[in-house]
There are 2 protein chains.
Amino acid sequence: MAANILLVEDEPGIQELLKFNLAQAGHQVTAAGDAEHALKFLKSTLPDVILLDWMLPGMSGIDLCKRLRSDERYQPIPIIMLTARGEERDKVLGLDTGADDYITKPFSPRELVSRIKAVLRRRAPQMTDEPVEINNLKLDPSSHRVSGRGQALELGPTEFRLLHFFMTHPERVYSRAQLLDQVWGDDVFVEERTVDVHIRRLRLALEPSGHAELIQTVRGSGYRFSADVG
Amino acid sequence: MAANILLVEDEPGIQELLKFNLAQAGHQVTAAGDAEHALKFLKSTLPDVILLDWMLPGMSGIDLCKRLRSDERYQPIPIIMLTARGEERDKVLGLDTGADDYITKPFSPRELVSRIKAVLRRRAPQMTDEPVEINNLKLDPSSHRVSGRGQALELGPTEFRLLHFFMTHPERVYSRAQLLDQVWGDDVFVEERTVDVHIRRLRLALEPSGHAELIQTVRGSGYRFSADVG
DNA sequence: GCTGGATGTCATAAATCGGTCATACTGCCG
DNA sequence: CGGCAGTATGACCGATTTATGACATCCAGC
């Protein structure tokens with residue numbers, strides 16, 4: 001994990017408590033007391049997750065959430081709503097605003113941390129830096145290392161991200177366009193055929209430990225990472 | 001999943017909200033503010049689903065729906081009506097117009113997405129990417145894999161689409177023309193006899209696991225996929 | 001400035017597909 | 001028992017898709 005988190009919460013006590021707990025869990029936390037400060041911060045930095053209190057002075061959390069969701073720039077950032085109310089109606093409303101999850105006070109820090117983890121995994125599984133292992137092929141995001149059957153493998157930055165994405169999304173075909181979106185980013189202007197080249201480089205890099213076959217071509221559709229060599 | 005959706009909704013706020021949520025669910029969305037724009041768009045492109053607001057400036061959603069239903073070209077496209085009213089009378093009216101489903105505001109994005117899925121499943125089962133299994137023959141669209149009794153089967157792109165269509169529309173005869181429409185697309189110019197060849201290729205591909213018999217010839221009519229080997 | 005790795009693009013080779021045709025086969029009719 | 005319409009099959013070949021090797025560019029670090 002180790003995500004950058006923007007916490008929007010007006011009550012100082014709770015803010016401190018959460019900051020402490022999240023920092024404890026290894027996250028980088030920035031706190032804002034209201035929507036204005038949050039927006040100001042967001043102009044310069046894009047966090048990995050936003051924790052948003054339901055009730056805020058001035059613009060409410062709901063409105064802020066809606067506003068963020070309508071802005072393409074912030075659209076992909078997962079939002080978790082913090083709320084004291086537990087009514088079902090509000091829950092639905094919360095989801096309507098585009099929030100990814102909500103959590104009702106009081107909640108345990110443990111629960112919050114695990115929800116953050118879940119939301120990160122759902123939105124961008126390859127963002128969490130938990131090690132992944134499939135068929136004796138290990139990839140550790142935090143140390144930025146890859147090894148196959150104990151043997152260290154060397155791959156470039158792009159190949160690393162590509163493999164990371166594949167390993168966190170196995171058994172599924174992705175078109176070149178999808179891979180460009182997911183691995184390169186949605187704002188890049190790159191030929192689709194470039195994906196072929198990086199697939200090749202990735203295969204070459206995995207060759208020494210015999211894991212090249214995990215990267216499979218699906219003609220007419222794209223590529224697939226699969227433990228099933230069949 | 002991953003359907004092309006035409007959204008006809010005049011209120012910008014709701015339009016944005018829906019666009020965002022549908023895009024989030026992996027759909028491709030085109031929005032139109034009124035019936036005229038919708039019709040204009042439909043002339044060039046056929047979406048997989050149409051979301052239609054009940055109340056529209058100019059021609060109402062109901063009238064647009066009726067009009068679409070009377071045109072053979074648009075007849076097979078599923079239509080979901082969006083309405084703020086909850087009266088039973090209106091619901092019936094909505095269904096009378098030929099809409100496939102209706103959904104009353106306010107609704108959660110989750111609900112909308114699942115209704116779209118349901119409607120697609122009903123109208124065009126092969127569009128959803130859920131795995132299909134019949135008589136030990138499995139086909140998984142998302143991983144783009146086919147296996148018979150555990151054994152992996154290899155088929156080309158066209159054979160894959162053909163089998164997918166058959167498996168989602170079993171126990172029913174399809175003429176060569178229908179198959180060309182459904183599997184190749186309506187705008188292709190191909191000899192009808194070509195279907196025979198691909199049927200053959202599909203049978204060959206299914207042979208290893210003994211599933212070739214599921215593809216049955218109906219002399220004078222076309223082909224049928226049937227679990228009943230009789 | 002160099003230097004070396006990393007990246008994107010291109011040209012070309014290789015693999016595979018898809019449509020058509022000619023021919024063989026089948027079942028059904030009188 | 002033909003004859004005939006419909007179907008199966010094998011082969012062919014151009015078109016499309018993917019793999020590969022080479023190359024130009026860019027950039028960080030020296």
Side-chain angles (χ1 to χ4, degrees), chain A residues 144-146 152-166 173-207 211-226, chain B residues 144-146 152-166 173-208 211-226 230:
Chain A
H144 209 273
R145 288 218 151 115
V146 180
L153 299 173
E154 297 220 4
L155 31 170
T158 303
E159 283 70 55
F160 185 87
R161 290 200 310 279
L162 186 57
L163 180 60
H164 192 190
F165 174 76
F166 269 135
V173 180
Y174 290 93
S175 69
R176 292 175 177 73
Q178 287 175 313
L179 290 173
L180 283 177
D181 275 358
Q182 298 285 336
V183 178
W184 273 254
D186 5 60
D187 51 348
V188 267
F189 168 66
V190 174
E191 285 291 320
E192 284 208 346
R193 287 285 143 219
T194 298
V195 175
D196 298 31
V197 180
H198 282 278
I199 286 285
R200 166 141 198 287
R201 288 171 181 161
L202 178 54
R203 278 172 173 158
L204 284 179
L206 296 182
E207 195 52 60
H211 285 102
E213 298 154 10
L214 300 191
I215 310 288
Q216 300 164 0
T217 303
V218 179
R219 177 175 246 262
S221 300
Y223 297 95
R224 170 183 59 207
F225 181 90
S226 170
Chain B
H144 208 275
R145 284 203 138 125
V146 181
L153 299 174
E154 298 221 2
L155 27 170
T158 303
E159 283 70 56
F160 186 88
R161 291 200 308 277
L162 186 57
L163 180 60
H164 192 192
F165 174 77
F166 270 134
V173 181
Y174 289 93
S175 69
R176 292 175 176 71
Q178 287 175 313
L179 289 174
L180 283 177
D181 275 358
Q182 298 286 335
V183 178
W184 273 254
D186 4 60
D187 50 348
V188 270
F189 167 66
V190 175
E191 286 290 320
E192 285 208 346
R193 287 283 142 222
T194 298
V195 175
D196 297 31
V197 180
H198 281 279
I199 287 285
R200 165 141 199 287
R201 288 172 179 159
L202 178 54
R203 279 172 173 158
L204 283 180
L206 296 183
E207 195 52 59
H211 285 102
E213 299 154 10
L214 301 191
I215 311 288
Q216 301 164 358
T217 303
V218 180
R219 192 185 174 84
S221 301
Y223 298 94
R224 172 183 56 207
F225 181 90
S226 171

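Using a 4.0 Å heavy-atom criterion, one finds that A/Val195 contacts no nucleic acid atom at all. Counting any heavy atom pair closer than 4.0 Å across all strands shown, B/Thr194 reaches a base atom. Note on A/Glu154: nothing from the nucleic acid sits closer than 4.0 angstrom, heavy atoms only.
Side chain of B/Arg224 to main chain of B/Gln216: no donor-acceptor pair is present (N/O by atom type, distance under 3.5 Å, no hydrogens or angles). Distance alone, capped at 3.5 Å, is enough to place a donor-acceptor pair between the A/Arg203 side chain and the A/Ile215 backbone.
Neither OP1 nor OP2 of D/dG6 sits under 4.0 Å from any side-chain N or O of B/Thr217. In this model, the phosphate group of D/dA5 is not approached by any side-chain N or O of B/Arg219 to a distance below 4.0 Å at OP1 or OP2. Distances shown here put a side-chain N or O of A/Tyr223 below 4.0 Å from the OP1 or OP2 atom of D/dA19.
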side-chain contact (heavy atoms from CB on, under 4.5 Å) between A/Phe165 and A/Phe225: does it pass, once the steps are laid out? CA-CA 9 Å; A/Phe165 174 76; A/Phe225 181 90; over 6 Å; no

Working for side-chain contact (heavy atoms from CB on, under 4.5 Å), residues A/Gln182 and A/Arg161: CA-CA 9 Å; A/Gln182 298 285 336; A/Arg161 290 200 310 279; over 6 Å; no

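From the 5' end on, the contacts that DNA chain C makes with chain B at under 4.0 Å to a non-hydrogen atom open and close at C/dC17 to C/dG27.
Atom-to-atom distance recorded for A/Thr217:OG1 and A/Tyr223:OH is 5.0 Å, nearest 0.5 angstrom. Here OG1 of A/Thr158 is found 6.0 Å from CH2 of A/Trp184. Values are rounded to the nearest 0.5 Å. Note that CD1 of B/Ile199 and CG of B/Leu162 are 5.0 Å apart. Values are rounded to the nearest 0.5 Å.
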Polar atoms only, N or O, under 3.5 Å: list the protein pairs with nucleotides 20-30 of chain D and their distances.
residue : atom : partner  : partner atom : Å
D/dG21  : OP2  : A/Arg200 : NH2          : 2.1

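Using a 3.5 Å distance cut-off with no hydrogens or angles, the side chains of A/Ser226 and B/Arg145 do pair a donor with an acceptor.
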